[in-house]
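So that the names make sense, note that chain A is the first sequence line, chain B the second, and so on, each numbered from 1.
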Amino acid sequence: MVNVALEEIGRGTAEIIDIERIEKLVTKYYEDGTTYTVKAGFDPTAPDLHLGHTVLLQKLATFQKFGGRVQFLIGDFTAMIGDPTGKSATRKVLTKEDIVKNITSYTEQAFKILDESKTTIVYNNDWLEKLGADGMLQLASNLTVARMLERDDFSKRYASNTPIAVSEFMYPLLQGYDSVHLRSDIEIGGTDQKFNLLMGRQLQKAYEIKKQQAVLMMPILEGLDGVNKMSKSLGNYIGVTEEPKNIYGKLLSISDELMWRYYELLSEKSLNEIAQLKEDVASRTVHPKTAKENLALEITTRFYNEELATLAKEEFNSVFKAKKLPTDMAEFEMEDGIWICQALVDAGLEPSTSQARRDVKQNAVSIDQEKISDDKLNLTMGEYIIQVGKKRFAKLKVV
RNA sequence: GGUGGGUUACUCAAGUGGCCAACGAGGGCGGAUUGUAAAUCCGCUGACUACGUCUUCGAAGGUUCGAAUCCUUCACCCACCA
């Protein structure tokens with residue numbers, strides 16, 4: 001039983017530091033039911049969770065199955081600094097209300113995956129605020145600049161003359177201090193967090209906590225483009241609250257190569273099953289599209305249910321395979337004689353009449369399934385279905 | 001505090017008086033092909049009922065018939081020296 005647990009825990013991980021510790025904790029749980037804590041930090045700036053986050057959440061859920069209690073840490077204090085990602089150093093300051101609102105929707109989404117009864121939500125503002133200047137200095141004394149510059153992105157930025165704010169140096173320290181305060185047994189995070197996660201171990205030692213946390217890192221999930229990491233700002237993400245048909249559709253649009261990655265990190269299928277499937281696709285017993293459909297169905301089901309997921313699949317097939325119209329389209333009422341380009345803008349299908357004009361000329365626009373090419377067209381009374389490209393539809397009522 | 005360099009569209013990055021709505025690359029969008037996959041090929045990529053007009057090259061002024069380009073001031077960023 002312990003072996004099964006450990007295998008599940010190890011699945012898909014990028015790296016585990018101090019695996020012995022994890023083995024001991026899990027073994028102990030099976031011996032006498034002693035639970036242990038698993039910490040994971042989340043940034044409350046972006047209230048929308050996407051599949052990239054769920055990789056981590058699923059791992060947490062796995063731990064919950066095997067005796068772990070999750071410390072769901074909201075980094076409301078650290079959010080004010082911003083993790084040194086090398087992107088914009090300046091960050092929008094969040095109000096307390098914003099944070100509360102974000103967190104509510106955040107946890108709501110997270111509990112689609114996590115077991116709420118085995119989760120404790122903690123806020124690092126609670127203890128970091130009280131740390132004070134002296135506490136801060138004491139904390140900072142644990143770290144040398146040279147050590148800090150070992151961190152990959154710091155050294156790169158330093159080498160390429162990109163500015164590094166001193167406050168950014170504090171980020172890993174504070175995150176590490178969270179582990180001291182919480183006395184976490186295990187912390188999990190993405191591979192990009194390695195430095196910060198290790199800082200937790202180092203600081204726990206400095207603050208004389210007997211056992212340092214084990215660290216488990218998950219790979220970063222690539223976004224829909226298959227190159228960059230999935231993130232909202234890059235627009236290559238699938239949000240967990242998106243509509244079933246969008247989740248399904250987006251998953252189906254990923255490349256075949258990326259599909260295997262998603263299978264590994266997101267699917268519930270066992271690694272053996274996936275290997276088998278891969279073989280079947282390679283030997284052409286299974287069409288790659290079928291494999292992708294199954295993945296899309298599985299993920300969509302996870303956030304909704306089988307019925308809605310199946311519906312999404314049917315809708316998708318009817319719209320894109322059979323070129324039928326989607327069942328639900330936004331509807332608009334317009335005045336008689338409206339110029340087609342203006343109508344496209346008003347319906348939100350185009351950002352400007354200039355763009356609309358270009359698209360019409362490029363045969364991208366159709367009315368009632370008929371391509372049009374006259375960019376000076378005016379619509380007369382009646383009802384129309386207008387479409388731009390393959391994905392954008394709207395229903396127009398001209399009166 | 002001193003010296004030098006920089007700030008151009010979604011991003012990177014050319015352009016140093018008229019040929020500039022601004023080269024090129026990436027991204028994005030559209031078309032063909034397809035499995036709404038990838039790859040490939042082609043087109044588009046400031047706004048405006050539009051072969052013309054208007055607004056854009058950090059900000060504000062100025063020189064000029066004419067400025068992204070020259071001058072002045074300001075803001076921000078970077079490097080080196082202290």
Side-chain angles (χ1 to χ4, degrees), chain A residues 85-90 156-166 168 222-238 245-263 277-278 280-282 284-297 300 312-326 334-346 348-366 369-379 386-393:
Chain A
T85 53
K87 283 257 169 184
S88 64
T90 48
K156 272 193 196 135
R157 283 165 65 188
Y158 190 68
S160 68
N161 298 333
T162 316
I164 303 170
V166 173
E168 292 183 76
E222 289 85 354
L224 298 174
D225 52 25
V227 180
N228 296 305
K229 73 169 189 175
M230 184 175 282
S231 85
K232 198 179 181 191
S233 53
L234 291 174
N236 60 357
Y237 71 107
I238 302 179
K245 63 172 185 180
N246 284 341
I247 296 181
Y248 184 89
K250 283 186 181 179
L251 279 167
L252 220 55
S253 77
I254 63 176
S255 72
D256 288 4
E257 204 187 330
L258 191 60
M259 165 173 81
W260 297 116
R261 185 83 175 139
Y262 279 27
Y263 254 116
L277 186 63
K278 208 167 177 175
D280 288 345
V281 168
R284 307 203 173 195
T285 346
V286 173
H287 195 284
K289 190 173 179 226
T290 313
K292 208 178 285 177
E293 279 174 342
N294 290 339
L295 175 71
L297 211 54
T300 313
K313 180 180 173 178
E314 281 165 12
E315 167 92 1
F316 182 87
N317 285 342
S318 97
V319 173
F320 294 108
K321 258 193 191 159
K323 303 254 182 217
K324 291 207 183 118
L325 295 165
M334 312 243 165
E335 283 189 18
D336 187 26
I338 187 162
W339 177 39
I340 178 67
C341 294
Q342 190 59 51
L344 288 167
V345 173
D346 290 351
L349 299 181
E350 294 281 14
S352 69
T353 56
S354 296
Q355 184 61 43
R357 200 185 276 260
R358 283 192 286 270
D359 278 340
V360 170
K361 283 187 182 149
Q362 286 187 121
N363 287 324
V365 177
S366 32
Q369 317 255 49
E370 299 261 347
K371 297 260 182 200
I372 61 163
S373 53
D374 178 12
D375 64 328
K376 293 206 165 64
L377 186 74
N378 292 307
L379 296 174
I386 53 175
Q387 178 182 358
V388 182
K390 287 175 189 151
K391 299 173 198 162
R392 285 169 278 166
F393 297 88

Discussion item. Can you work out whether A/Lys323 or A/Trp339 has the more 5'-proximal nearest nucleotide on RNA chain B?
Written reply: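 The answer here is A/Lys323.
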
[N] versus [M] - spacing of their [atom1] atoms, nearest Å:
N     : M     : atom1 : value
B/A21 : B/U45 : P     : 14 Å
B/C65 : B/G4  : C1'   : 37 Å
B/G15 : B/C19 : C1'   : 13 Å

Response to the item:
Dot-bracket for RNA chain B, 5' to 3', Watson-Crick and G-U pairs with both distances under 3.5 Å, [ ] for crossing pairs, | for partner on another strand, reads ((((((((.[[[..)..(.....]]]((((((.......))))))(((...)))...[[[[[..)....]]]]]))))))).

Item to complete: Look at the side-chain N and O atoms of A/Arg358 and state whether any lies under 4.0 Å from the OP1 or OP2 oxygen of B/A47.
Response: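 So the side-chain polar atoms of A/Arg358 do come within 4.0 Å of the phosphate oxygens OP1 or OP2 of B/A47, strictly under.
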
Worksheet item: Closer than 4.0 Å, any side-chain N/O of A/Ser354 to the OP1 or OP2 of B/G46?
Response: no

Using whole Å, what does the distance between atom [atom2] of nucleotide [N] and atom [atom1] of [X] come to?
X        : N     : atom1 : atom2 : value
A/Lys292 : B/A38 : NZ    : P     : 8 Å
A/Glu350 : B/C44 : CD    : P     : 16 Å
A/Ile340 : B/A50 : CD1   : P     : 17 Å
A/Asp375 : B/C48 : CG    : C1'   : 13 Å
A/Lys361 : B/U49 : NZ    : P     : 13 Å
A/Asp225 : B/A38 : CG    : C1'   : 13 Å

Practice prompt. Would you indicate which nucleotide in B/U49, B/A50, B/G35 comes nearest to any side-chain atom of A/Arg357?
Written response: B/A50

Give each protein N/O atom lying under 3.5 Å from an N/O atom of nucleotides 29-33 of chain B, with the pair distance.
unit_1, atom_1, unit_2, atom_2, d
B/C29, O3', A/Arg392, NH2, 3.1
B/G30, OP1, A/Arg392, NH2, 3.1

Worksheet item: Going from CG on A/Asp256 to CZ on A/Arg261, what distance comes out if it is rounded to the nearest 0.5 angstrom?
Response: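 If we round to the nearest 0.5 Å, A/Asp256:CG and A/Arg261:CZ are 16.0 Å apart.
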
Discussion item. How long is the straight-line distance from CD of A/Glu315 back to CG of A/Leu325, given to the nearest 0.5 Å?
Written reply: 10.0 Å

Worksheet item: With a cut-off of under 6.0 Å to the ring centre and 45° to the axis, is A/Lys391 in cation-pi contact with A/Phe320?
Response: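 Negative - A/Lys391 is either too far from the ring of A/Phe320 or too far off its axis.
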
